[in-house]
Asker: 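Here you go, one structure.
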Protein chains: 2
Amino acid sequence: MDERRTAAIFKAFCDENRIRIIKLLRSGEKCACKLLEEIHVTQPTLSHHMKILCDAEIVVGRKEGKWIHYSISEKGVEQAKECLRQLTTLDINGKNGPCREK
Amino acid sequence: MDERRTAAIFKAFCDENRIRIIKLLRSGEKCACKLLEEIHVTQPTLSHHMKILCDAEIVVGRKEGKWIHYSISEKGVEQAKECLRQLTTLDINGKNGPCREK
DNA sequence: AAAATATATTGACAATTTTCTATATGATGC
DNA sequence: GCATCATATAGAAAATTGTCAATATATTTT
């Protein structure tokens, strides 16, 4: 995975309001208006955060009439975990050996 | 874990240059000057990124003479993984039930 | 002690992100 | 159709972050 996509995934988790939104979604699907009651931002600001979360594929929206029900995307979360794993597991046989001073 | 700390941990992973730095450290400990050769930023900028990575405890620095050898902190990485897990696992028995329209 | 090397800090500027107000779109109900 | 409700978009302001040049600190070398 490229650095740009990796950054986008973790950007989902690096704003305090988005973290609160994700926490609210842990207990199940919620519509934007319900989230708006809990998160103290204006409606357009919430909409902006939901877009970032959806673009990162951490959250998915299900449209039903005039509502959008948001929920945590199990698939997206697995991708984030896998991404974190790949980024942080030591690569013993990598091309770059340890740093030796010249 | 509070939202502030959670955000700080994931901020480590949401800048493309920091992601490159972490990738370089996968193959083992490297001194800042070595990292500087690979990442195309000035020395103060690299220093700034290393501070963010160390504050988030994803990376640790080991001082040896005038060098600082940076490496991925296994402990910090485990904390990040645990944090991601806690944040994203569904909470079936949580206090907030599913969203029901009024 | 002076020069050289590695890294950190300061302060300014640029880029990006978060937030808001105002307005638009799209769906439902009268 | 018109009013209402839920969400999105546009555009601007505020806050935060990333970057650099200049300078400081700490260590080693001569």
Side-chain angles (χ1 to χ4, degrees), chain A residues 3-22 24-25 29-56 58-71 98-102, chain B residues 3-25 29-71 98-102:
Chain A
E3 285 89 12
R4 213 181 159 83
R5 171 78 185 133
T6 302
I9 289 173
F10 291 110
K11 268 174 193 165
F13 299 101
C14 74
D15 174 84
E16 294 181 36
N17 280 323
R18 285 195 293 273
I19 291 170
R20 283 181 203 114
I21 292 166
I22 294 169
L24 286 168
L25 295 178
E29 194 179 58
K30 299 218 167 29
C31 61
C33 54
K34 190 85 177 283
L35 293 171
L36 193 54
E37 288 171 19
E38 314 259 8
I39 306 292
H40 292 126
V41 293
T42 60
Q43 180 271 318
T45 297
L46 179 68
S47 182
H48 163 78
H49 287 307
M50 298 322 290
K51 181 159 169 43
I52 289 170
L53 288 168
C54 290
D55 286 352
I58 298 303
V59 163
V60 284
R62 180 177 64 84
K63 188 164 186 178
E64 192 181 270
K66 52 184 171 177
W67 292 281
I68 299 182
H69 299 274
Y70 290 104
S71 56
C99 176
R100 316 190 194 288
E101 286 89 52
K102 319 130 206 180
Chain B
E3 285 88 13
R4 213 182 159 82
R5 170 78 185 133
T6 302
I9 289 173
F10 291 110
K11 268 175 194 165
F13 300 102
C14 73
D15 174 85
E16 294 180 36
N17 280 324
R18 286 196 291 274
I19 291 170
R20 283 180 203 114
I21 291 165
I22 294 168
K23 281 185 176 173
L24 286 168
L25 294 179
E29 194 179 59
K30 298 215 168 31
C31 60
C33 54
K34 190 86 177 282
L35 293 170
L36 193 55
E37 289 172 17
E38 314 260 5
I39 306 291
H40 291 127
V41 293
T42 61
Q43 180 270 320
T45 298
L46 179 68
S47 182
H48 165 77
H49 286 308
M50 297 322 290
K51 181 159 170 41
I52 289 170
L53 289 168
C54 290
D55 286 353
E57 292 178 84
I58 298 304
V59 163
V60 284
R62 179 176 64 85
K63 187 163 185 177
E64 193 181 272
K66 54 182 171 178
W67 292 281
I68 299 181
H69 299 274
Y70 290 104
S71 56
C99 177
R100 315 192 194 287
E101 285 88 54
K102 319 130 206 180

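Here is the naming used below: chain letters follow the sequence lines, and residue numbers restart at 1 for every chain.
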Asker: Under 4.0 Å between a side-chain N or O of Lys11(B) and OP1 or OP2 of dT17(D)?
Answerer: yes
Asker: In whole angstrom, give the distance that lies between atom NZ of Lys51(A) and atom P of dT19(C).
Answerer: 17 Å
Asker: May I ask you to decide if Lys11(A)'s main-chain N or O and Arg18(A)'s side chain share a donor-acceptor pair within less than 3.5 Å?
Answerer: yes
Asker: Nearest-Å distance, CG (Leu53(A)) to C1' (dT7(D))?
Answerer: 16 Å
Asker: Using 30° and 60° as the class limits, which term best fits the ring planes of Phe10(B) and Phe10(A): parallel, tilted or perpendicular?
Answerer: parallel
Asker: Which nucleotide sits closest to the side chain of Tyr70(A): dA8(D), dT19(D), dT18(C)?
Answerer: dA8(D)
Asker: Could you check whether Glu38(B) pairs with Lys23(B) (Lys NZ or Arg NE/NH1/NH2 to Asp/Glu carboxylate O, under 4.0 Å)?
Answerer: no
Asker: Any base atoms under 4.0 Å from Leu35(B), or only sugar-phosphate, or nothing? Heavy atoms, all strands.
Answerer: nothing
Asker: Whole angstrom is fine here: how far is it from CD1 in Ile39(A) over to P in dT19(C)?
Answerer: 10 Å
Asker: In whole Å, what is the span from the CG atom of Asn17(A) to the P atom of dT16(D)?
Answerer: 13 Å
Asker: Whole Å only: how far is the CG atom of Leu36(B) from the C1' atom of dT5(C)?
Answerer: 13 Å
Asker: Using every non-hydrogen atom in the two residues, find where Ala56(A) and Ala8(A) come nearest and quote the distance to one decimal.
Answerer: CB-O, 3.7 Å
Asker: For every nucleotide of nucleotides 21-30 of chain D, 5' to 3': is a protein heavy atom under 4.0 Å from its base (B), only from its sugar-phosphate (S), or from neither (-)?
Answerer: BB---SSS--
Asker: Is there a side-chain contact between Arg20(A) and His40(A) (heavy atoms, below 4.5 Å)?
Answerer: no
Asker: Check whether any side-chain heavy atom of Leu46(B) lies under 4.5 Å from a side-chain heavy atom of Ile21(B), and answer yes or no.
Answerer: yes
Asker: Base, sugar-phosphate or nothing for His49(A)? Non-hydrogen atoms, less than 4.0 Å.
Answerer: sugar-phosphate
Asker: Working to the nearest 0.5 angstrom, can you tell me the gap between Ile19(A) CD1 and His49(A) NE2?
Answerer: 11.0 Å
Asker: Rounded to the Å, how far apart are His48(B) NE2 and dT16(D) P?
Answerer: 14 Å
Asker: Rounded to whole Å, please give me the gap between CE in Met50(A) and P in dA8(D).
Answerer: 9 Å
Asker: Could you check which of dT9(D), dT18(C), dA8(C) has an atom nearest any side-chain atom of Ser47(B)?
Answerer: dA8(C)
Asker: For Asp55(B) and dA8(C), give me the distance from atom CG to atom C1', rounded to whole Å.
Answerer: 13 Å
